[in-house]
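The figures here come from the full heavy-atom set of this structure, side chains too, leaving out hydrogens, waters and symmetry mates.
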Amino acid sequence: MMRTKALLALMLCTVLVGAGCGAGSGTAADGSARLLVFGAPEELAAYRTLVDAYRKARPGSDVQLVEASDRKDLLARLATSVAGGAPPDLFLMNYRFYGQFAAKDVIEPLDSRIAESPAIDPADYYPVAMDAFKWGGKQLCLPQNVSSLAVYYNRTLFQKHRVAEPKAGWTWNDLVTTATAMTRDPAGRVIKATESEGAALRPAVHGLGIEPSIIRLAPFVWSNGGEIVDDPARPTRLTLDTPAAREALKNLIDLRQAYGVVPTDEDVEAEDDESRFANGRLAMVLSSRRSTTTFRSITDFEWDVAPLPVYRNPVGVLHSDAYCMTRGAKNKKAGWKFLEFAISEEGQKIIAATGRTVPSHIGVSTSAAFLGPAQPPRSAKVFLDAIPTVRALPTVSTWPEIEDATGGILENALYRGDKLDDVIRDLDEQTRPLFARGEHG
């Protein structure tokens with residue numbers, strides 16, 4: 001029996017590599033906390049910078065990063081560690097994914113700690129980000145960022161081909177026209193939508209990169225006056241069958257099927273949009289602030305950001321990650337000390353300087369730490385200008401499953417050209433049971 005317990009403990013440590021097993025792992029005894037994160041190498045480097053600054057600013061305090069390989073790995077590690085009784089003290093998670101843990105009472109509410117903190121005043125933070133992490137009327141997590149989608153574009157390439165750079169107020173039709181003008185063959189010639197993609201005409205540069213997903217589609221549905229669900233607070237189904245939503249969805253599919261301005265699925269499998277943009281083979285890409293840390297390593301060309309194109313009204317979609325504390329944390333005191341530092345003005349200036357975040361702290365977001373011109377993007381204010389119109393996706397415990405279910409259907413629509421009615425029907429049929437199982441904050 002003892003041997004079985006030891007084996008189970010060893011297996012748990014294997015799953016949670018670096019998450020607190022073994023000597024020097026950081027326990028309540030030595031005053032350190034464990035923080036579970038994931039991200040691209042450049043993003044992880046930003047969090048290491050924050051941790052190093054914390055150690056210097058708070059001598060004797062410590063936090064150890066547990067670095068997951070991707071979001072799925074982070075979710076699996078967190079679920080496994082909670083089930084095994086050895087969760088990290090803190091984890092960093094997007095609001096779209098934390099509901100499954102909030103519904104299972106995994107997360108420690110922070111209201112009393114916030115009330116007693118001399119460093120944190122809720123009024124200092126953007127409400128849209130704070131509200132995204134409220135569940136059952138309680139503040140479960142504290143947001144580090146309040147990003148939105150933006151259009152990253154290759155300024156050098158635009159100037160080379162004498163194409164007007166995207167600007168505030170541009171429309172969806174402007175986006176299509178610009179993407180078409182920037183889709184070029186190896187000789188630099190524009191590839192027209194009426195031309196087939198033979199070997200000679202295969203684009204060397206595509207005009208646009210966009211992920212076929214609900215989070216990319218949502219702001220355009222909203223901008224066109226539609227909704228993606230029947231009730232944002234307690235959704236029971238998708239509403240992509242309305243005229244406004246159908247139009248936005250059809251226009252997304254047409255980017256590939258009618259205009260050929262986005263890469264094929266084979267292209268994306270070989271090289272994702274972020275890498276394709278960084279390598280100069282994509283003129284524009286829709287992404288959140290998280291891409292900035294990666295793109296700052298670009299040395300071959302100049303790039304910048306522009307706001308999303310508009311249908312009727314400007315609308316953005318919230319991208320926000322927050323620090324959450326687990327109920328089963330072994331060192332809540334140490335975890336709170338780091339969380340308090342990371343969310344404070346001091347900590348947010350440090351992480352903002354790395355390029356990773358649009359600070360949730362209002363004062364830091366308008367300071368040189370974020371807006372300073374020393375590093376790109378020079379138009380960083382685009383992210384701040386979007387905040388008044390940013391909307392959050394529904395916070396429902398089954399939302400990760402809903403995104404997974406819709407992702408495959410939307411991919412097939414964009415790359416294979418499935419019929420619009422079939423796409424909308426499949427989206428509805430696949431997600432209704434997931435909405436029905438979902439719990440709401």
*May I have all residue pairs that pass ring pair (Phe, Tyr, Trp, His ring centres under 6.0 Å) and include part of residues 292-319, sequence neighbours excluded?*
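Listed by first then second residue: Tyr152-Phe295, Tyr152-Trp303, Trp172-Tyr311, Phe277-Phe295, Phe277-Phe301, Phe295-Trp303.
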
*Hey, could you give me each pair passing ring pair (Phe, Tyr, Trp, His ring centres under 6.0 Å) that has a residue in residues 398-441? Not counting sequence neighbours.*
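Not a single pair qualifies under ring pair (Phe, Tyr, Trp, His ring centres under 6.0 Å).
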
*Tell me the side-chain hydrogen bond (donor to acceptor under 3.5 Å, both in side chains) pairs involving residues 381-391, sequence neighbours left out?*
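Every pair satisfying side-chain hydrogen bond (donor to acceptor under 3.5 Å, both in side chains) with a residue in residues 381-391: Glu227-Arg391, Lys381-Asp385.
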
Side chains of residues 39-48: which donor-acceptor pairs under 3.5 Å do they make with residues two or more places apart or in other chains?
| from | atom 1 | to | atom 2 | distance (Å) |
| --- | --- | --- | --- | --- |
| Glu42 | OE1 | Thr294 | OG1 | 3.4 |
| Glu43 | OE1 | Arg290 | NE | 3.4 |
| Glu43 | OE1 | Arg356 | NE | 2.9 |
| Glu43 | OE2 | Ala40 | N | 2.9 |
| Glu43 | OE2 | Arg290 | NH2 | 2.5 |
| Tyr47 | OH | Gln144 | NE2 | 2.9 |
| Arg48 | NE | Glu67 | OE2 | 2.9 |
| Arg48 | NH2 | Glu67 | OE1 | 3.0 |
| Arg48 | NH2 | Glu67 | OE2 | 3.2 |

Ignoring hydrogens and angles, write down the donor-acceptor pairs under 3.5 Å from the side chains of residues 210-222, residues two or more places apart or on other chains.
| from | atom 1 | to | atom 2 | distance (Å) |
| --- | --- | --- | --- | --- |
| Glu211 | OE2 | Ser213 | OG | 2.6 |
| Ser213 | OG | Arg216 | N | 3.4 |

*If a pair satisfies disulfide (SG to SG under 2.5 Å) and one of its residues is in residues 401-441, list it, with sequence neighbours excluded.*
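Qualifying pairs: none.
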
*Among residues two or more places apart or on two chains, list those pairs meeting disulfide (SG to SG under 2.5 Å) that have a residue in residues 124-186.*
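Of all non-adjacent pairs touching residues 124-186, those that pass disulfide (SG to SG under 2.5 Å) are Cys141-Cys324.
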
*Apply salt bridge (Lys or Arg N to Asp or Glu O under 4.0 Å) to Arg296 and list each qualifying residue two or more places apart in sequence or on a separate chain.*
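If we apply the salt bridge (Lys or Arg N to Asp or Glu O under 4.0 Å) test to Arg296, skipping adjacent residues, there are no hits.
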
*Determine, stepwise, if the pair Arg113 / Glu108 fulfils salt bridge (charged side-chain N to carboxylate O under 4.0 Å, His left out).*
CA-CA 10 Å; Arg113 288 183 171 87; Glu108 176 94 355; 3.5 Å; yes

*Listed by chain and number, what are the side chain to side chain donor-acceptor pair (under 3.5 Å) partners of Asp421, not counting sequence neighbours?*
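With sequence neighbours excluded, Asp421 shows a side chain to side chain donor-acceptor pair (under 3.5 Å) to Arg246, given in chain and number order.
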
Extract all donor-acceptor atom pairs below 3.5 Å that involve side chains of residues 338-346 and protein atoms in other chains or at least two apart in sequence.
| from | atom 1 | to | atom 2 | distance (Å) |
| --- | --- | --- | --- | --- |
| Glu340 | OE2 | Ser117 | OG | 2.5 |
| Ser344 | OG | Phe341 | O | 2.7 |
| Ser344 | OG | Glu346 | N | 3.4 |
| Ser344 | OG | Gly347 | N | 3.4 |
| Glu346 | OE1 | Arg58 | NH2 | 3.3 |

*Quick one: do the Thr236 and Asp230 side chains pair a donor with an acceptor below 3.5 Å?*
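Yes, because at least one side-chain N or O of Thr236 sits under 3.5 Å from a partner of the opposite role on Asp230.
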
_Does either side chain, that of Ser379 or that of Asp304, offer a donor lying less than 3.5 Å from an acceptor on the other one?_
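There is such a pair between these side chains.
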
*Write out all pairs satisfying salt bridge (Lys or Arg N to Asp or Glu O under 4.0 Å) with one or both partners inside residues 271-281, taking only residues at least two apart or from two chains.*
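Counting only pairs at least two positions apart or across chains, the salt bridge (Lys or Arg N to Asp or Glu O under 4.0 Å) contacts touching residues 271-281 are Glu271-Arg276, Glu271-Arg281.
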
*Could I get the full list of ring pair (Phe, Tyr, Trp, His ring centres under 6.0 Å) partners for Phe101, not counting sequence neighbours?*
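Checked Phe101 against ring pair (Phe, Tyr, Trp, His ring centres under 6.0 Å); zero matches.
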
*Judged by atom type as modelled, is there a donor-acceptor pair below 3.5 Å linking the side chain of Ser291 to the main-chain atoms of Ser287?*
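No.
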
